[in-house]
2 protein chains.
Amino acid sequence: MQNLSQNLSHNIEKYILTLLEEEQQENFISLRRKELAEMFECVPSQINYVLRSRFTPEQGYLIESRRGEHGYIKIFRVTYGSPDELSEHVTNLIGGEISLYEAHRLLEVLQDRELITGRERLLIEIALRYIAPDEGQSARSRELSEMLKTMLGGLMTDDND
Amino acid sequence: MQNLSQNLSHNIEKYILTLLEEEQQENFISLRRKELAEMFECVPSQINYVLRSRFTPEQGYLIESRRGEHGYIKIFRVTYGSPDELSEHVTNLIGGEISLYEAHRLLEVLQDRELITGRERLLIEIALRYIAPDEGQSARSRELSEMLKTMLGGLMTDDND
DNA sequence: TTATCATTGATTATTGCTGACCTATAAAAT
DNA sequence: ATTTTATAGGTCAGCAATAATCAATGATAA
């Protein structure tokens with residue numbers, strides 16, 4: 001089982017997402033690193049790479065693990081009790097300063113989770129470009145952060161539309 | 001071997017637009033920069049130039065990419081062609097300068113006619129406030145006009161030729 | 001002529017993947 | 001109760017394969 005469609009990491013990610021979706025009772029799944037690695041015919045540390053790059057708090061996941069006999073890796077899908085909670089989470093993610101590039105990546109995640117539409121993302125990206133500093137995509141700016149927080153906070157808190 | 005018809009950038013643009021039109025399932029296409037460059041017998045960074053100059057959010061497109069093995073560039077077409085008349089009409093309404101107040105009234109109308117959603121309107125209003133002049137709601141500004149036209153144009157982009 | 005657009009290629013940054021080495025845990029042995 | 005051993009998972013540095021950026025240059029249009 002390898003490289004069927006995309007790349008290894010992508011396939012492992014998809015598999016984990018499937019498990020999470022199938023899970024009914026809990027808001028987490030439990031894995032054994034070694035087994036997963038065998039399943040995908042790869043080195044165990046590959047699993048860590050996938051978790052580190054695709055199941056981060058920014059993307060809405062938490063990891064808990066244990067070593068030794070009966071070791072495991074648990075992946076929690078973070079859920080938000082209220083719009084305010086979600087909005088606060090996003091506000092924290094944005095922080096005091098953000099770059100165009102970081103904002104772009106955040107918007108990707110939000111659209112993937114269907115928290116914003118493509119059209120909304122387009123509008124936000126245009127606005128960001130209008131007020132972004134000239135120093136390039138990676139330059140952090142306080143103003144970017146403030147506008148982005150206002151926009152996303154408004155979308156998630158409000159009940160427009 | 002070039003300048004067969006127009007210039008390289010133009011040809012690459014056309015090719016990408018063709019791919020986007022042919023795409024049925026999704027609202028995006030996925031490219032490999034290196035392959036496209038080989039296809040057009042040019043340097044890879046040429047592709048970036050085409051994307052930067054012709055597939056911007058202002059023109060109704062969003063780009064996502066990844067480096068490394070199995071790298072890719074995805075181009076999303078966010079909007080679908082809408083009547084030219086409409087976007088032209090709106091552009092004329094906005095004119096060379098507009099005040100926050102006038103913009104607000106225009107957005108109300110557009111929402112009433114369901115050309116934009118409440119959420120989209122919220123985003124535009126926030127963006128306008130961030131670049132509005134200090135002189136108050138009634139002060140006309142060229143920059144307000146430009147951003148507003150860009151945003152609404154982005155949402156109502158048509159296939160140019 | 002001058003300003004903008006197009007093209008190139010050198011350099012830098014990111015992503016995916018592996019393997020060697022490190023740490024933690026539980027069960028077994030003492 | 002303590003030590004040992006087997007069995008997990010974690011970290012990190014390094015390589016290879018991409019894509020992005022940037023500055024220099026050429027071409028074209030106003």
Side-chain angles (χ1 to χ4, degrees), chain A residues 1-16 29-56 58-59 62-75 99-105 108-109 129 132-140, chain B residues 1-16 29-56 58-59 62-75 160:
Chain A
M1 183 176 193
Q2 78 262 28
N3 275 5
L4 289 182
S5 54
Q6 306 249 345
N7 57 50
L8 228 197
S9 295
H10 181 264
N11 293 336
I12 296 173
E13 176 192 11
K14 288 291 164 238
Y15 177 70
I16 293 174
I29 56 158
S30 192
L31 298 175
R32 326 221 55 224
R33 188 178 78 148
K34 200 177 160 196
E35 281 177 12
L36 236 203
E38 273 162 13
M39 197 169 152
F40 284 92
E41 292 173 21
C42 67
V43 136
S45 59
Q46 178 70 26
I47 308 302
N48 296 88
Y49 174 70
V50 172
L51 297 178
R52 205 185 334 129
S53 59
R54 292 155 155 85
F55 292 88
T56 65
E58 286 78 10
Q59 285 152 317
L62 290 175
I63 308 294
E64 175 191 307
S65 67
R66 193 165 192 172
R67 308 185 190 188
E69 201 116 19
H70 311 308
Y72 61 81
I73 298 178
K74 282 182 185 168
I75 303 169
S99 68
L100 214 50
Y101 179 72
E102 293 165 333
H104 182 74
R105 296 300 285 265
E108 277 182 32
V109 171
R129 285 158 64 103
D134 295 330
E135 293 96 61
Q137 289 230 317
S138 304
R140 291 219 173 91
Chain B
M1 186 198 212
Q2 73 247 59
N3 271 6
L4 289 181
S5 50
Q6 303 254 343
N7 58 46
L8 228 195
S9 294
H10 183 264
N11 292 337
I12 296 172
E13 176 191 11
K14 285 292 167 224
Y15 178 69
I16 293 174
I29 56 158
S30 193
L31 298 175
R32 323 214 66 224
R33 190 180 77 149
K34 201 177 159 197
E35 282 177 11
L36 235 203
E38 273 161 15
M39 202 169 146
F40 284 92
E41 292 174 23
C42 67
V43 134
S45 58
Q46 179 71 27
I47 309 302
N48 295 88
Y49 175 71
V50 173
L51 297 177
R52 197 172 59 237
S53 59
R54 294 155 155 86
F55 293 87
T56 64
E58 287 81 356
Q59 287 157 306
L62 290 174
I63 308 293
E64 287 181 19
S65 66
R66 292 290 177 272
R67 307 185 192 188
E69 199 148 13
H70 306 104
Y72 61 82
I73 299 178
K74 282 184 186 169
I75 303 169
N160 302 311

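Every chain is numbered from 1, with letters handed out A, B, ... down the list of sequences. Because only heavy atoms are used, hydrogens play no part in the values below, and waters and symmetry mates are left out as well, while side chains stay in.
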> What's the NE2-C1' distance between His10(A) and dC17(C), to the nearest Å?
17 Å

> Tell me whether the side-chain N/O atoms of Tyr49(B) come closer than 4.0 Å to OP1 or OP2 in dT7(C).
no

> May I ask you to check whether Ser99(A) and Gln137(A) show a side-chain donor-acceptor distance below 3.5 Å?
no

> Nearest nucleotide by nearest heavy atom, which residue falls closer to the 5' end of DNA chain C, Gln46(B) or Ser9(A)?
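The 5'-side residue here is Gln46(B).
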
> What is the distance from CZ of Phe40(A) to C1' of dG16(C), rounded to the nearest Å?
15 Å

> Distance criterion of 3.5 Å, no angle test: do you see the side chain of Arg33(B) paired donor-to-acceptor with the base of dA20(D)?
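Yes, the side chain and the base share a sub-3.5 Å donor-acceptor pair.
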
> Taking the side chain of Gln137(A) as heavy atoms from C-beta outward, which of dA6(C), dT21(D), dT18(D) is closest to it?
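Of the candidates, dT21(D) comes closest.
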
> Between His70(B) and Leu8(A) (side chain of the first, backbone of the second, donor and acceptor by atom type, cut-off under 3.5 Å), is there such a pair?
no

> Can you measure Glu41(A) atom CD to dG19(C) atom C1' for me and round it to whole angstrom units?
17 Å

> Counting just side-chain N and O atoms, does Arg52(A) come under 4.0 Å of either OP1 or OP2 of dC17(C)?
no

> Provide, to the nearest angstrom, the distance between the CG atom belonging to Asn48(B) and the P atom belonging to dT21(D).
7 Å

> Distance check needed: dT7(C) C1' versus Ile12(B) CD1, whole Å only.
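The distance from CD1 of Ile12(B) to C1' of dT7(C) comes to 10 Å, rounded to the nearest Å.
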
> In whole angstroms, how far is the C1' atom of dT14(C) from the NZ atom of Lys34(B)?
16 Å

> Ile47(B) has an atom CD1; how far is it from atom P of dT18(D), in whole Å?
15 Å

> Supply the atom-to-atom distance Asn11(B) CG to Phe40(B) CZ, rounded to the nearest 0.5 angstrom.
6.0 Å

> To the nearest Å, give me how far apart CG (Leu8(B)) and C1' (dG26(D)) are.
14 Å

> Do the side chains of Arg105(A) and Glu58(A) get close enough for a salt bridge, i.e. N-O under 4.0 angstrom?
no

> For residues Arg32(B) and Gly71(B), report the shortest heavy-atom separation together with the two atoms involved.
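Taking Arg32(B) first and Gly71(B) second, the nearest heavy atoms are NH2-O, 2.9 Å.
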
> What heavy-atom pair brings Met39(B) and Tyr15(B) nearest, and what distance separates the two atoms?
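Heavy atoms only, the tightest pair is CE-CZ, 3.2 Å.
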
> Does dT7(C) have its OP1 or OP2 closer than 4.0 Å to a side-chain nitrogen or oxygen of Ser45(B)?
no

> Would you please confirm or rule out a distance under 4.0 Å between OP1 or OP2 of dT15(C) and any side-chain N or O of Ser53(A)?
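It does not, given that no N or O in the side chain of Ser53(A) lies less than 4.0 Å from OP1 or OP2 of dT15(C).
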
> Below 3.5 Å between N/O atoms, which protein atoms pair up with nucleotides 26-28 of chain C? Just atom names and distances, please.
unit_1	atom_1	unit_2	atom_2	d
dA26(C)	OP1	Arg66(A)	NE	3.4
dA26(C)	OP1	Arg66(A)	NH2	2.4
dA27(C)	OP1	His70(A)	NE2	3.3

> Which heavy atom of Leu100(A) sits nearest a heavy atom of Arg129(A), and at what distance?
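Nearest pair, atom of Leu100(A) first, then Arg129(A): CD1-N, 4.3 Å.
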
